[in-house]
Asker: 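Next up is a structure, given as structure tokens.
The first residue of the sequence shown is numbered 1, and numbering continues consecutively from there. Here the structure is a predicted model, which is why all the values come from computation and not from measurement.
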Amino acid sequence: MRTGRLLKDTREEVTSLLRDLIRIDTTNPPGNETEAAEYLAETLEKEGFKCEVYESEHGRGSVLTRMRGSGGKPSLLLLSHLDVVAADPKEWSVDPFAGIVKDGFVWGRGALDMKSMTAVEVMVMKLLKRQHIKLKGDVILAATADEERGGEAGLGWLTRNHPRKVQADYVVNEGGGLAVPVHGKNMYTVQTAEKGILWVKIKAIGTPGHGSIPGTADNAIVRMNRVIEKLGSYRSKITLIPTVKEYLLAIAKEDKTLRKTLTKLLREPATADKILDQLAKRDKFLAEEIRVKLRMTVAPTMIHGGVKENIIPSKCEAVFDCRVLPGQRTADALDTLKKLLKEVDLEKLEFEIIQANEPSESPLHTLLYEQIVKVLKNFDPSCSVAPDMMTGGTDSRFLRKKGVVCYGFHPMRGDMPYGEIKKSIHGIDERISVDNLVFGTSVLYDAVKSFMT
Ligand SMILES: [Zn+2]
């Protein structure tokens with residue numbers, strides 16, 4: 001049967017899967033993903049799948065199922081997360097947890113991040129089964145808890161407690177796949193890398209005193225001011241990782257207006273800042289987006305100090321959000337920060353790590369990547385495909401560190417302005433078109449089928 005006809009019948013099915021998932025409120029915290037996990041288990045079991053729901057703690061469920069292959073390689077894990085971030089109904093134009101369909105879109109929290117992809121992946125599993133596809137290796141589905149709070153109670157917990165259940169050669173997860181319009185053509189991204197996160201609290205210590213005689217005290221706020229000055233203005237050295245190099249090459253190829261700028265940058269990466277300063281005059285957002293793909297960054301994000309108008313404070317603390325490139329380590333990043341602060345008097349600074357997630361990158365040229373490109377070109381012949389690095393993190397990092405090839409790929413065409421799609425993720429009026437649910441299912445089904453047979 002042709003895929004086109006096959007998918008016509010699944011249009012309603014994938015839509016109602018998403019609507020049902022949105023209606024199960026999995027706002028994290030607290031998460032309560034078990035209800036969604038059990039819902040998926042039930043719908044998959046009707047199709048003949050055997051499912052397992054694992055709870056890391058009460059209510060924090062993840063669901064797993066598997067379609068067996070003939071024993072050969074490779075195996076593929078279709079990964080997604082069940083939890084969502086909070087949504088304030090007062091800010092939305094519809095109820096964020098009602099799963100409403102309006103104007104051809106499914107509205108609600110998780111419509112993009114990422115219950116839509118969960119629905120698409122479940123639909124792909126069902127289609128593989130209905131079509132009696134003979135797979136080489138296993139195709140595994142995992143819809144897990146807790147991604148939005150770091151994944152420790154979801155995929156992190158599964159990799160520690162049931163490693164074989166989520167073991168695979170390849171993973172498809174969130175993080176890429178959205179078409180970016182470039183001169184009327186679509187450029188799809190595949191997320192092949194993500195930055196690491198280091199959140200660190202720095203405490204400046206001083207000696208208290210009366211605000212009227214500042215010289216007798218040692219003001220912790222003044223010390224923190226120097227810390228912020230140093231770190232806030234820090235520009236680390238430029239490093240061009242494979243993903244970013246290919247990404248910039250792809251844009252240079254497709255976008256005539258950026259070709260000269262990006263070719264120069266790729267030829268002389270050491271001068272990138274000068275080149276990007278020029279670009280920023282034309283397009284500030286783009287320039288800064290490229291700049292952070294080339295280096296480790298650090299930004300002060302919180303500060304707290306002082307108790308009273310006339311007391312010189314002996315303590316001041318600030319939080320810094322530091323992002324490191326694949327190939328760098330968060331521990332080295334912390335050392336770099338400390339080195340930068342040597343002259344501020346390290347003895348009077350304390351460092352506390354709030355969170356540290358290592359960066360990760362997967363190889364770019366694999367059979368799965370090639371298959372993804374091929375299938376996209378079938379659906380959208382004039383399109384191009386580029387690998388991309390996210391500056392935030394996904395659950396892929398848990399598996400990449402075990403050597404698994406992970407790609408962020410949720411295929412979507414831009415039927416809403418690109419900026420609006422990006423804004424609605426974790427924002428208000430999050431929605432996905434029914435057409436895009438069908439498109440995502442079609443592309444992913446074809447990619448999985450051709451890769452696994
Ligand atoms: Zn997500």
Side-chain angles (χ1 to χ4, degrees), residues 175-196 233-299 323-328 359-366 368-377 379-392 405 407-409 411-414 417-419 421-422:
L178 173 61
V180 188
V182 182
H183 294 302
K185 292 185 199 166
N186 282 325
M187 179 185 278
Y188 294 88
T189 57
V190 178
Q191 193 255 48
T192 54
E194 55 192 55
K195 273 186 149 179
S233 60
Y234 176 57
R235 275 187 176 177
S236 73
K237 75 173 195 347
I238 302 279
T239 309
L240 210 47
I241 66 159
T243 292
V244 174
K245 193 174 172 185
E246 290 250 346
Y247 171 78
L248 295 177
L249 271 171
I251 300 183
K253 195 170 157 221
E254 297 301 319
D255 193 333
K256 273 183 254 137
T257 61
L258 286 171
R259 190 166 300 153
K260 243 174 95 185
T261 303
L262 295 180
T263 311
K264 200 167 158 213
L265 192 159
L266 287 162
R267 216 182 311 123
E268 305 161 44
T271 64
D273 278 319
K274 237 169 86 191
I275 298 166
L276 292 172
D277 288 345
Q278 280 303 113
L279 177 62
K281 289 180 192 157
R282 276 193 284 148
D283 191 336
K284 175 91 176 145
F285 190 81
L286 177 69
E288 296 313 320
E289 213 177 37
I290 294 174
R291 210 191 300 270
V292 300
K293 288 183 195 284
L294 303 172
R295 58 155 56 97
M296 158 190 155
T297 60
V298 54
R323 308 279 168 134
V324 308
L325 287 174
Q328 303 173 335
S360 65
E361 185 173 26
S362 285
L364 308 183
H365 300 289
T366 64
L368 178 59
Y369 193 93
E370 278 169 26
Q371 207 55 251
I372 286 173
V373 174
K374 223 159 117 186
V375 170
L376 278 171
K377 293 236 181 220
F379 280 88
D380 192 347
S382 68
C383 79
S384 57
V385 185
D388 193 14
M389 175 180 71
M390 266 175 77
T391 49
V405 176
Y407 292 142
F409 183 60
M412 266 191 284
R413 278 193 281 228
Y418 183 73
I421 297 178
K422 286 272 178 189

Asker: Check Thr366, Leu368, Leu364 against Val405 for a side chain to side chain contact (heavy atoms under 4.5 Å, CB included) and give me the one that passes.
Answerer: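 Of Thr366, Leu368, Leu364, side chain to side chain contact (heavy atoms under 4.5 Å, CB included) with Val405 is met by Thr366 alone.
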Asker: Walk me through it: do Leu178 and Tyr418 pass the test side-chain contact (heavy atoms from CB on, under 4.5 Å)?
Answerer: CA-CA 9 Å; Leu178 173 61; Tyr418 183 73; 3.5 Å; yes
Asker: Output yes when a side-chain donor or acceptor of Ser236 lies under 3.5 Å from a complementary backbone atom of Arg295, and no otherwise.
Answerer: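 Such a contact is absent between Ser236 side chain and Arg295 backbone.
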Asker: Let me confirm one number: the CD1-CD distance from Ile241 to Gln328, rounded to the nearest 0.5 Å.
Answerer: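 Between atom CD1 of Ile241 and atom CD of Gln328 there are 9.0 Å.
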Asker: Compare every heavy atom of Ala250 with every heavy atom of Ala386, then report the nearest pair and how far apart it is.
Answerer: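 Shortest heavy-atom separation between Ala386 and Ala250 comes out as CB-CB, 3.6 Å.
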Asker: With a 3.5 Å cut-off and no angle check, do the side chains of Ser362 and Thr192 form a donor-acceptor pair?
Answerer: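 Note: Ser362 and Thr192 side chains miss the donor-acceptor criterion.
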Asker: To the nearest 0.5 angstrom, please state how far the OH atom of Tyr407 sits from the CD atom of Gln191.
Answerer: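 Answer rounded to 0.5 Å: 11.0 Å.
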Asker: Roughly how far, to the nearest 0.5 Å, is NZ of Lys284 from CD of Glu289?
Answerer: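 Nearest 0.5 Å value for the CD-NZ distance: 13.0 Å.
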Asker: Which residues satisfy the salt bridge (Lys or Arg N to Asp or Glu O under 4.0 Å) test with Lys281, sequence neighbours excluded?
Answerer: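 Scan of Lys281 (salt bridge (Lys or Arg N to Asp or Glu O under 4.0 Å), adjacent residues dropped) gives none.
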Asker: Could you note down all residue pairs passing side-chain hydrogen bond (donor to acceptor under 3.5 Å, both in side chains) where residues 244-254 supplies at least one of them, sequence neighbours left out?
Answerer: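 Output for this query lists Glu246-His365.
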Asker: Given Val244, which partner from the list Thr239, Leu249, Ile290, Leu294 fulfils the side chain to side chain contact (heavy atoms under 4.5 Å, CB included) test?
Answerer: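 Single side chain to side chain contact (heavy atoms under 4.5 Å, CB included) partner of Val244 among Thr239, Leu249, Ile290, Leu294: Leu294.
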Asker: Are any of the side-chain heavy atoms of Asn186 and Leu376 separated by less than 4.5 Å?
Answerer: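 No, too far: nothing below the 4.5 Å cut-off.
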Asker: Sequence neighbours left out, what passes side-chain hydrogen bond (donor to acceptor under 3.5 Å, both in side chains) with Lys237? Give chain and number order.
Answerer: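 So Lys237 forms no side-chain hydrogen bond (donor to acceptor under 3.5 Å, both in side chains) with any residue.
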Asker: Using every non-hydrogen atom in the two residues, find where Ala252 and Arg259 come nearest and quote the distance to one decimal.
Answerer: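 Scanning both residues completely, I find the closest heavy atoms to be O-NE, 2.8 Å.
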Asker: Which atom names give the shortest non-hydrogen contact between Ala193 and Pro326, and what distance separates them?
Answerer: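 Ala193 and Pro326 have their closest heavy atoms at CB-CG, 4.1 Å.
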Asker: Is there any side-chain hydrogen bond (donor to acceptor under 3.5 Å, both in side chains) pair reaching into residues 260-272, and which pairs are they, with sequence neighbours excluded?
Answerer: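 Applying side-chain hydrogen bond (donor to acceptor under 3.5 Å, both in side chains) to every pair that reaches into residues 260-272, excluding sequence neighbours, yields Thr261-Arg282.
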Asker: Closest heavy-atom contact between Met389 and Thr243?
Answerer: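 Heavy atoms only, the tightest pair is N-CG2, 3.6 Å.
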Asker: Which residues pass the salt bridge (Lys or Arg N to Asp or Glu O under 4.0 Å) test with Lys293, not counting sequence neighbours?
Answerer: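 Only Asp388 meet the salt bridge (Lys or Arg N to Asp or Glu O under 4.0 Å) criterion with Lys293.
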Asker: Please determine whether a side-chain nitrogen of the Lys or Arg among Lys185 and Asp255 lies less than 4.0 Å from a carboxylate oxygen of the Asp or Glu.
Answerer: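 No, Lys185 and Asp255 are not salt-bridged.
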Asker: Are Tyr234 and Thr297 close enough that a side-chain donor and a side-chain acceptor fall under 3.5 Å?
Answerer: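 No - no donor-acceptor pair under 3.5 Å links their side chains.
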Asker: What pair of heavy atoms forms the shortest contact from Tyr188 to Met412, and how long is it?
Answerer: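 Shortest heavy-atom contact: CE2-O, 3.6 Å.
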Asker: How about NZ on Lys377, more than 12 heavy atoms from neighbouring residues, nucleotides or ligands closer than 6.0 Å, or not?
Answerer: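 More than 12 heavy atoms, drawn from other residues, nucleotides or ligands, come within 6.0 Å of this atom.
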Asker: For Lys195 and Leu325, run side-chain contact (heavy atoms from CB on, under 4.5 Å): C-alpha distance rounded to whole Å, both residues' side-chain angles, the deciding distance at 0.1 Å, then the answer.
Answerer: CA-CA 5 Å; Lys195 273 186 149 179; Leu325 287 174; 3.7 Å; yes
Asker: Rounded to the nearest 0.5 Å, how far apart are CG of Asp273 and CD of Gln278?
Answerer: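 If we round to the nearest 0.5 Å, Asp273:CG and Gln278:CD are 12.5 Å apart.
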Asker: Sequence neighbours left out, what passes salt bridge (Lys or Arg N to Asp or Glu O under 4.0 Å) with Asp380? Give chain and number order.
Answerer: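 By the salt bridge (Lys or Arg N to Asp or Glu O under 4.0 Å) rule, Asp380 matches no residue at all.
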Asker: Specify the closest pair of heavy atoms between Pro359 and Gly327, including all atoms of both residues, with the distance to one decimal.
Answerer: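 Nearest heavy atoms, Pro359 then Gly327: CG-N, 4.5 Å.
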Asker: Does Pro242 reach the side chain of Glu361, with side-chain heavy atoms less than 4.5 Å apart?
Answerer: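 Side chain of Pro242 against side chain of Glu361, heavy atoms only: contact under 4.5 Å found.
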